Amino acid sequence: MSTMTSAPDQAARIRDSRIQEQTIDLSATPRIPLSRLVRVELRKMADTRSGKWLLIGIGVITLAVIGIFYVTADPSERTFFNFMAATNGPQGLLLPVLGILLVTSEWSQRTALVSFTLTPVRGRVLLAKVLGGLLAGLAAIALTVVVAALATIVAGADNAWAEVGVDDLGKFLLLQATGILQGLAFGLLFLNSSAAIVSYFVLPTALNILGSFWTAMAEVQPWFDLWTSQSPLFMGGNLTSEQWAQCVTSSLIWVVLPFAVGLVRVLRAEVK
Amino acid sequence: MITVDGVTKTYGGHTAVDDVSFVARPGRVTGFLGPNGAGKSTTMRIMVGLTPASTGRVSIGGHRYGDLPNPGLLVGVLLDASAQHNGRTGREILTIGAETMGLPRTRVEEMLELVSLSTIEARRRLRDYSLGMRQRLGIAHALLGDPRILILDEPANGLDPAGIHWMRGLLQQYAQRGGTVLLSSHLLHEVEKIADDLVLIGQGRVVAQGTKQELLQTRGAYVRAIEYEPLLDALQVAGILTIPSGEGLRSDADPARIGEVAAAAGLTLAELRPAEGAGLEDLFLQLTADTQREGVPA
């Protein structure tokens with residue numbers, strides 16, 4: 001194999017090329033703006049059948065729940081707040097799934113290969129997903145507000161607007177935003193749709209069941225169980241500072257912690 | 001230009017890429033050749049930051065890939081044509097790419113036309129694409145940002161002969177306009193036709209690299225004389241090593257040198273020609289045989 005280049009030749013070749021190597025001037029190329037990455041993430045949410053139907057499903061179920069509440073609730077119960085509160089359950093189930101799929105579909109369909117090649121700073125892609133997910137949640141709440149308001153105008157009880165304040169809207173937002181972020185966190189943690197979705201539903205439920213049997217645990221449960229700590233948010237009325245503190249600790253456990261672990265995992269992962 | 005400098009990747013105790021160094025130059029097509037599992041794809045993923053290297057560095061146009069502000073405008077990458085969402089249409093996949101890079105939508109149509117995907121095909125979802133169509137779409141995706149550098153992993157996979165011919169022309173023209181092309185393949189003959197430079201990799205190590213001419217250049221000669229034994233003696237006396245091959249002899253020496261010796265000895269040559277340039281092919285077959293799982297390739 002005398003024609004083959006020997007190792008020292010190779011090294012020399014590379015040294016030569018390094019001297020010759022011309023650095024391509026990129027100072028005129030702007031970095032991809034975050035707004036564009038968010039727009040791309042929003043587009044990716046809706047451009048597949050499954051994504052489109054999930055979004056349509058969230059919209060339709062929101063409408064349906066308000067309709068069902070209108071039909072089944074006592075006329076005096078038909079307040080704006082109650083219309084809103086009725087949608088909390090179904091949205092709270094579906095929006096986190098949206099968050100999960102936003103992350104895991106990149107792995108199951110291996111599009112992460114392309115996404116992270118076009119945007120090599122992975123944290124920016126994930127930030128765009130977080131913002132895109134929150135925007136989708138905001139849209140869902142906006143839809144709820146509009147439909148609930150219409151329902152209240154059309155068929156509301158006499159003092160239907162009395163008990164609602166801006167802080168209630170804020171609490172709804174907080175609730176759904178936590179759900180979406182938790183979905184994203186579980187998606188990042190598991191990088192697998194079924195594992196993330198199952199864990200998302202099973203773990204808190206298991207905790208809840210445990211709490212209902214074990215009274216000693218029930219007392220401390222609000223501190224670490226998100227479902228329990230968050231229920232005052234859609235009950236109306238103000239939260240005590242202890243209740244707020246419980247929202248914070250349980251969110252740390254169920255949202256911040258899995259998000260942080262998942263983030264480290266994705267930033268370090270080898271993408272194949 | 002792509003500079004790969006001492007890149008090593010180990011997984012536990014296994015070294016997938018072992019101190020790989022080479023350069024892909026502008027205006028040239030560089031073929032990255034090796035049997036399956038030789039470390040080509042891992043090296044390419046390291047180039048674009050999808051896999052962290054254990055040691056070594058790669059620079060693309062003088063930059064670390066991760067530092068590129070909008071990589072798609074400088075480097076077109078196709079690592080796996082199937083790594084796209086099955087439920088998206090071909091056009092949608094290109095649109096997402098174009099939107100990420102900040103390109104006008106007209107670019108999507110141009111690329112679809114370039115790779116001959118019809119309007120109807122572009123409307124179909126990726127799950128209904130053949131591997132060849134996926135490759136075409138992948139090449140369109142890589143070319144979206146009008147990049148100066150292309151990194152393509154096995155781009156000819158799944159293309160029919162006409163498609164391979166088309167791609168060869170496309171990439172050669174691209175290089176002629178000053179572009180840098182790095183493409184991998186596990187088929188020597190495929191790369192031989194298209195590449196200007198070759199980097200041969202086996203079991204994670206670069207075993208040969210150079211221009212195609214250098215690597216395919218033939219050294220030595222095949223000679224057959226009417227008088228077999230006298231030729232053998234004459235060459236031996238002249239200090240030329242030979243090995244018997246069929247009715248003749250194979251040697252490391254130049255045909256001209258052998259001719260000289262034969263003439264001086266007054267021998268009649270029936271045949272004297274440069275040895276067939278089997279050097280690279282032999283090496284490649286040897287590499288392949290070492291890692292071959294399904295027997296010798298046809």
Side-chain angles (χ1 to χ4, degrees), chain A residues 1-7 9-11 13-18 20-33 36-37 39-44 46-52 105-106 108-122 125 128 267-272, chain B residues 1 3-5 21-23 25 41 45 48-52 59-63 65-75 77 79-80 82-89 92-93 95-97 99-102 125 141 148 200 206-210 214-217 219 252 279-280 282-283:
Chain A
M1 291 301 137
S2 48
T3 58
M4 300 311 161
T5 319
S6 67
D9 283 353
Q10 276 176 27
R13 203 188 279 267
I14 284 163
R15 268 196 303 278
D16 284 353
S17 70
R18 207 178 289 159
Q20 295 162 9
E21 183 171 346
Q22 300 229 321
T23 300
I24 296 175
D25 182 19
L26 296 173
S27 54
T29 312
R31 201 153 90 129
I32 302 175
R36 207 155 77 205
L37 291 177
R39 213 163 55 227
V40 169
E41 288 305 328
L42 289 173
R43 187 180 180 105
K44 288 200 280 195
D47 70 356
T48 62
R49 268 190 206 136
S50 52
K52 194 165 68 191
S105 71
E106 296 263 2
S108 61
Q109 298 285 338
R110 299 179 56 225
T111 48
L113 211 73
V114 177
S115 305
F116 290 154
T117 305
L118 290 182
T119 314
V121 183
R122 297 182 192 178
V125 178
L267 293 183
R268 287 192 182 168
E270 181 178 12
V271 184
K272 288 191 176 185
Chain B
M1 165 133 65
T3 309
V4 180
D5 187 3
S21 296
F22 65 88
V23 173
R25 291 180 171 73
S41 297
R45 281 202 312 275
V48 299
L50 291 176
T51 294
S59 84
I60 312 259
H63 303 270
Y65 189 89
D67 295 335
L68 299 175
N70 192 345
L73 300 183
L74 179 69
V75 200
V77 180
L79 293 183
D80 185 341
S82 295
Q84 286 287 4
H85 201 296
N86 267 325
R88 290 200 180 111
T89 64
E92 179 61 22
I93 285 168
T95 306
I96 289 174
E99 201 162 299
T100 309
M101 294 177 220
R125 291 173 198 274
H141 194 273
R148 289 201 237 178
L200 206 63
V206 173
V207 291
Q209 63 175 319
E214 273 167 29
L215 292 180
L216 296 180
Q217 190 186 53
R219 279 268 308 243
D252 243 11
L280 191 61
D282 280 351
L283 178 63

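Within every chain, numbering begins at 1; the chains are lettered A, B, ... in the order of the sequence lines, protein sequences first and strands thereafter. Computed from a predicted model, the values in this text were never measured in an experiment.
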Using side chain to side chain contact (heavy atoms under 4.5 Å, CB included), reason through B:Arg125 and A:Arg49 one step at a time and then give a plain yes or no. CA-CA 10 Å; B:Arg125 291 173 198 274; A:Arg49 268 190 206 136; 3.2 Å; yes

Rounded to the nearest 0.5 angstrom, the OG1-CG distance for A:Thr29 and B:Leu74 is 8.0 Å

How long is the straight-line distance from CG of B:Asn86 back to OG1 of A:Thr111, given to the nearest 0.5 Å? 10.5 Å

With only heavy atoms counted, which part of A:Leu37 is less than 4.5 Å from chain B, the side chain, the backbone, both or neither? side chain

Taking C-beta and beyond as the side chain, do A:Arg43 and B:Thr95 meet within less than 4.5 Å on heavy atoms? yes

Quick check on A:Arg36 against chain B: is it the side chain, the backbone, both or neither that has a heavy atom closer than 4.5 Å? side chain

So does B:Arg148 have more than 12 non-hydrogen atoms from other groups sitting under 6.0 Å from CZ? no

Over all atoms of both residues, closest heavy-atom pair of A:Pro120 and B:Leu68: CG-O, 4.5 Å

Answer with side chain, backbone, both or neither: which region of A:Val40 has an atom nearer than 4.5 Å to a non-hydrogen atom of chain B? both

Hey, which of B:Gly49, B:Gly87, B:Pro71, B:Gly72 has the most heavy atom pairs under 4.5 Å with chain A? B:Pro71

The interface call for A:Arg122 against chain B, heavy-atom contacts under 4.5 Å, is side chain

Kindly indicate whether the side chain of B:Tyr65, heavy atoms from C-beta on, has any atom under 4.5 Å from the side chain of A:Thr117. yes

Pick whichever of B:Val77, B:Asp80, B:Asp67, B:Ile93 has the most heavy-atom pairs under 4.5 Å with chain A. B:Asp80

Starting at OG1 of B:Thr51, measure out to NZ of A:Lys272 and round the result to the nearest 0.5 Å. 6.5 Å

Could you state the interatomic distance from CG (B:Asn70) to OG1 (A:Thr119), rounded to the nearest 0.5 Å? 8.0 Å

In Å, rounded to the nearest 0.5 Å, how long is the span from CG of A:Leu118 to CD of B:Glu99? 12.0 Å

Below 4.5 Å, heavy atoms only, C-beta onward: do A:Thr23 and B:His63 meet side chain to side chain? yes

Starting at CD of A:Glu270, measure out to CG of B:Leu50 and round the result to the nearest 0.5 Å. 8.5 Å

